[in-house]
Amino acid sequence: MKQSLLRALPFTLALCLALTACGAPAAESDTSTPTSETAETPANPAAAAGNTSSTAIGAGEAHLLGETYGGAAYALRNVYLLGYPGYSVLTRTDYATLIETPVCDKAGCDHLTPDCPAWRFDAFAPVMLFADGNTCYELCDQKNDVPIGDPQLDALREETLAAEGGEARILASDEAGCRRLLAAFAPGAVTGVPGVVETVFGTGVAADAENLYLLVKERDDNEIICAVSLLSVNKETGALRALRSFTQKDADAEGYSLNDILLEGAAGRTLYLSCKFISQPAEDGQVTLLGGKALCFDLDIGAWRDGCAWQADPPDAEGKIHRYQVGVSGRPTGWLTADDRAGSLVATDWETGETRELCTGLPAADGKHEAYYQAVETENWYAVTVNEYDRGADGWVTEGSEQNRLFLVPKAGGDPIELPQRLYTTGHGEDTILIRDEWAGQFYCLYAYEEGSYQAINKDGSLYTAEDIRDKYGLIPAEELAAGGTDYRPVTPWNEAAR
């Protein structure tokens with residue numbers, strides 16, 4: 001597709017005006033450098049023993065954020081069908097009404113052109129969305145700020161970066177669509193570690209009534225991580241505070257991997273981070289996972305304490321590890337450990353290490369098949385996806401034998417319930433539905449794809465027919481889905497022509 005650069009100029013102007021009018025942090029409040037709220041916290045928190053402050057931080061209960069939260073789901077919808085490549089529209093779906101609307105505060109706006117405040121130029125610069133009540137936070141970082149290769153789109157990219165700050169940055173949009181730059185992170189400004197050339201966001205974002213809590217990674221020009229820091233970001237002012245910094249020197253001394261520090265969850269007034277311990281590199285440069293532990297930060301007193309520690313199981317004679325931690329998204333409240341020989345899941349409390357068996361009876365690795373687990377945790381359930389593969393006589397996984405199966409497991413424990421509902425697309429065949437959230441006893445699901453086509457324009461002006469696949473989301477009572485039901489209440493898209 002081809003577009004005139006002049007056609008897109010209103011977007012950049014609208015963005016600049018929006019970021020100004022909505023009250024971006026004032027220039028005199030430097031949001032690129034973490035600030036100290038007490039005399040006991042040094043400017044470089046990595047220099048403090050234990051990186052601990054002594055005063056309460058934030059207010060209210062802490063919780064983990066994602067694209068869905070508080071009865072709403074946010075998304076970036078591609079609008080290439082309107083003739084604007086590289087753009088998306090930020091939308092909000094209210095579960096109560098199941099109506100999707102652009103996050104826009106412009107009176108009389110039809111949302112069909114880039115001067116709409118909900119439009120984002122995000123080509124090759126993916127945006128991570130984190131919803132908290134009626135506010136959506138957009139996290140963009142430098143690792144995606146690379147030239148696109150098209151002169152016109154590259155010019156728009158540069159203008160967008162200039163308007164948003166051009167660095168790792170957080171933008172906030174309220175329910176009405178008012179958007180403002182909340183914070184930006186200059187390379188090396190967090191810890192002052194030498195050699196840092198870029199700052200990127202780590203895994204996990206949490207919030208309470210006053211602050212966001214997130215990890216930032218500082219990397220050198222070889223993309224090697226120099227430091228990882230947990231920061232608080234005030235939701236109103238954008239003021240930053242470093243709560244703890246992990247440097248390579250710290251990691252070497254204690255034997256953990258900087259790359260594997262995660263913000264796993266939040267509950268009450270505690271944030272839960274995790275780290276993994278690794279062996280010294282062997283002659284071939286390989287390292288072995290030894291175990292890990294939880295790191296608990298008490299927001300009420302600004303202090304750290306160690307949580308549960310775990311040891312990795314050794315591999316069997318074939319080099320396979322059968323008992324491992326499952327990747328959990330959604331609203332995790334602890335670790336989930338799978339034993340693929342027993343087809344079982346065990347929940348572990350991050351802080352106390354208390355364990356309880358959730359289920360047995362999931363598809364297992366029995367010598368003829370391999371089974372890999374991942375899960376989404378909601379308020380009352382785990383939605384567990386099992387990737388099964390056949391093993392040939394040579395012991396290797398048989399190409400093309402993958403089968404995905406979806407199970408519901410009650411968080412209180414119980415037998416797994418297999419869900420027969422499937423998605424289908426011509427190009428990719430069948431797959432399981434996707435459970436994104438739970439609200440008022442109902443699941444918010446991606447339950448179908450709608451296939452279509454549209455006329456697109458080559459750069460030489462000629463037309464061609466391209467395929468279009470539209471996601472279909474909806475709500476369905478949890479008990480009905482568990483019984484095999486498919487009577488979803490569908491979301492009404494904001495504009496079919498733009499989808």
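As the structure is a computational prediction, the values presented were derived from the model and not from experiment.
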- Heavy atoms of Gly188 and Val196 approach each other most closely as N-CG1, 3.3 Å
- Task: Start with the C-alpha distance between Gln311 and Leu290, add both sets of side-chain angles, then the distance that settles side-chain contact (heavy atoms from CB on, under 4.5 Å), and finish with yes or no.
- Result: CA-CA 6 Å; Gln311 291 185 333; Leu290 303 177; over 6 Å; no
- Query: Can you list the steps and then say if Trp335 with Glu264 is a side chain to side chain donor-acceptor pair (under 3.5 Å)?
  - Reply: CA-CA 9 Å; Trp335 283 317; Glu264 297 264 19; 3.2 Å; yes
- Item | Test: Arg92 and Glu175 ion pair at under 4.0 Å | yes
- Item | Atom pair SG/CG of Cys136 and Leu129 - distance to nearest 0.5 Å | 4.5 Å
- Side-chain donor-acceptor pair under 3.5 Å between Ser245 and Ser229, yes or no? yes
- Task: Would you indicate whether the side-chain heavy atoms of Glu67 and Arg436 approach each other to under 4.5 Å?
- Result: yes
- Task: List in chain and number order the residues that pass ring-ring contact (aromatic ring centres under 6.0 Å, His included) with Tyr272, two or more places apart in sequence or in another chain; answer none if no residue qualifies.
- Result: Trp350
- Query: What's the shortest heavy-atom distance between Gly58 and Glu210, and which atoms?
  - Reply: CA-OE1, 3.5 Å
- Message: When you measure from the side chain of Asp94 to the backbone of Leu98, do you find a donor-acceptor pair of N or O atoms at a distance under 3.5 Å?
- Response: no
- In terms of heavy-atom contacts, does CD of Glu61 have more than 12 from other residues, nucleotides or ligands at under 6.0 Å? no
- Query: Minimum heavy-atom separation for Val386 to Ala371, with atom names?
  - Reply: CG1-CB, 4.1 Å
- Contact check, side chains of Ile57 and Phe297, non-hydrogen atoms, under 4.5 Å: yes
- Message: Using a 6.0 Å cut-off, check whether atom CZ of Arg323 has over 12 heavy atoms from anything other than its own residue.
- Response: no
- Under 3.5 Å, is there a donor-acceptor pair between the Tyr324 and Asp339 side chains? no
- Close side-chain approach of Thr378 to Phe443, heavy-atom, < 4.5 Å: yes
- Message: Do Arg244 and Trp304 form a cation-pi contact, if we require the NZ or CZ to be under 6.0 Å from the six-membered ring centre and within 45 degrees of the ring's axis?
- Response: yes
- Step through the shown structure and confirm whether more than 12 heavy atoms of other residues, nucleotides or ligands are within 6.0 Å of CD on Glu354. no
- Would you please name every residue forming a ring-ring contact (aromatic ring centres under 6.0 Å, His included) with Tyr372, sequence neighbours left out? Tyr389
- Side chains of Leu362 and Tyr373 in contact at under 4.5 Å (non-hydrogen atoms): yes
- At what distance, to the nearest 0.5 angstrom, does CG of Leu481 lie from CD1 of Ile435? 5.5 Å
- Between the main-chain N or O of Thr333 and the side-chain N or O of Glu377, is there a donor-acceptor pair closer than 3.5 Å? yes
- Query: Between the side chain of Gln374 and the main-chain N/O of Val384, is any donor-acceptor distance below 3.5 Å?
  - Reply: no
- Query: Is Glu351 paired with Arg305 through a side-chain N to carboxylate O contact shorter than 4.0 Å?
  - Reply: yes
- Check the pair Lys320 / Asp340 against side-chain contact (heavy atoms from CB on, under 4.5 Å), numbers first and verdict last. CA-CA 11 Å; Lys320 178 174 173 56; Asp340 65 11; 3.2 Å; yes
- Task: Apply side-chain contact (heavy atoms from CB on, under 4.5 Å) to the pair Leu406 and Ile433, showing each step before the final yes or no.
- Result: CA-CA 8 Å; Leu406 181 61; Ile433 62 171; 3.7 Å; yes
- Task: Would you please indicate if the ring centroids of Phe201 and Phe185 are separated by under 6.0 Å?
- Result: yes
- Task: Name all residues meeting the ring-ring contact (aromatic ring centres under 6.0 Å, His included) criterion together with Tyr74; count only those two or more places apart in sequence or in a different chain, and write none if there are none.
- Result: none
- Message: For Glu100 and Thr91, which I'm curious about, is there any donor-acceptor pair between the side chains at under 3.5 Å?
- Response: yes
- Task: Go through the side-chain N and O atoms of Asp316 and His322 and say whether any donor and acceptor fall under 3.5 Å apart.
- Result: yes
- Which pair of non-hydrogen atoms, one from Ile261 and one from Cys275, has the smallest distance, and what is that distance? CG1-CB, 4.2 Å
- Task: Using atom types as modelled and distance alone, determine if a side-chain donor or acceptor of Arg219 lies under 3.5 Å from a backbone N or O of Thr199.
- Result: no
- Query: Does Asn404 have any side chain to side chain donor-acceptor pair (under 3.5 Å) partners at least two apart in sequence or in another chain, and if so, which?
  - Reply: Asn387, Asp431
- Message: Using every non-hydrogen atom in the two residues, find where Ala365 and Glu370 come nearest and quote the distance to one decimal.
- Response: CB-OE1, 4.1 Å
- When the ring planes of Tyr444 and Tyr473 are compared, do they come out parallel, tilted or perpendicular, using 30° and 60° as the limits? parallel
- Item | Any side-chain heavy-atom pair of Phe246 and Tyr256 under 4.5 Å | yes
- Message: Salt bridge or not between Arg331 and Glu438? Use side-chain N to carboxylate O under 4.0 Å.
- Response: no
- Sidechain N-carboxylate O distance under 4.0 Å for Asp174, Arg180: no
- Query: So, do Asp141 and Met128 sit near enough that their side-chain heavy atoms are less than 4.5 Å apart?
  - Reply: yes
- Message: Taking Ala56's backbone N and O only, do any of them form a donor-acceptor pair with Asp300's side chain (distance below 3.5 Å, no angle check)?
- Response: no
- Item | Separation between CG of Leu139 and CG of Leu214, rounded to the nearest 0.5 Å | 6.0 Å
- Message: Are there over 12 heavy-atom neighbours, none belonging to Lys249, within less than 6.0 Å of that residue's NZ?
- Response: no
- Between Glu138 and Arg169, is there a side-chain N and carboxylate O pair less than 4.0 Å apart? no
- Query: Looking only at heavy atoms, what is the nearest atom pair of Leu64 and Pro332, with distance?
  - Reply: CD2-CD, 3.6 Å
- Check ion pair Glu198-Lys217 (N to O, under 4.0 angstrom): no
- Val326 and Leu345, any side-chain heavy atoms less than 4.5 Å apart: yes
- Message: Using side-chain heavy atoms (C-beta onward) and a distance below 4.5 Å, is Arg356 in contact with Val346?
- Response: no
- Query: How many angstroms lie between atom SG of Cys445 and atom CG of Leu475, to the nearest 0.5 angstrom?
  - Reply: 8.0 Å
- Item | Interatomic distance, Leu215 atom CG to Leu273 atom CG [nearest 0.5 angstrom] | 5.5 Å
- Message: Before you tell me yes or no, could you show the steps for Asp437 and Tyr95 under side chain to side chain donor-acceptor pair (under 3.5 Å), namely the whole-Å CA-CA distance, both residues' side-chain angles and the distance that decides it to 0.1 Å?
- Response: CA-CA 10 Å; Asp437 198 7; Tyr95 295 162; 2.9 Å; yes
- Message: Within this structure, what is the NZ-CG distance for the pair Lys411 and Asn380, rounded to the nearest 0.5 Å?
- Response: 7.0 Å
- Qualifying residues under side chain to side chain contact (heavy atoms under 4.5 Å, CB included), relative to Lys235, sequence neighbours excluded: Asp132, Tyr137, Ala207, Leu212
- Before giving the answer on side-chain contact (heavy atoms from CB on, under 4.5 Å), spell out for Leu231 and Val216 the whole-Å C-alpha distance, their side-chain angles and the decisive distance to 0.1 Å. CA-CA 8 Å; Leu231 303 182; Val216 295; 3.8 Å; yes
- Note on the structure: Residue set satisfying ring-ring contact (aromatic ring centres under 6.0 Å, His included) with Tyr488, at least two apart, ordered chain then number -> Tyr447
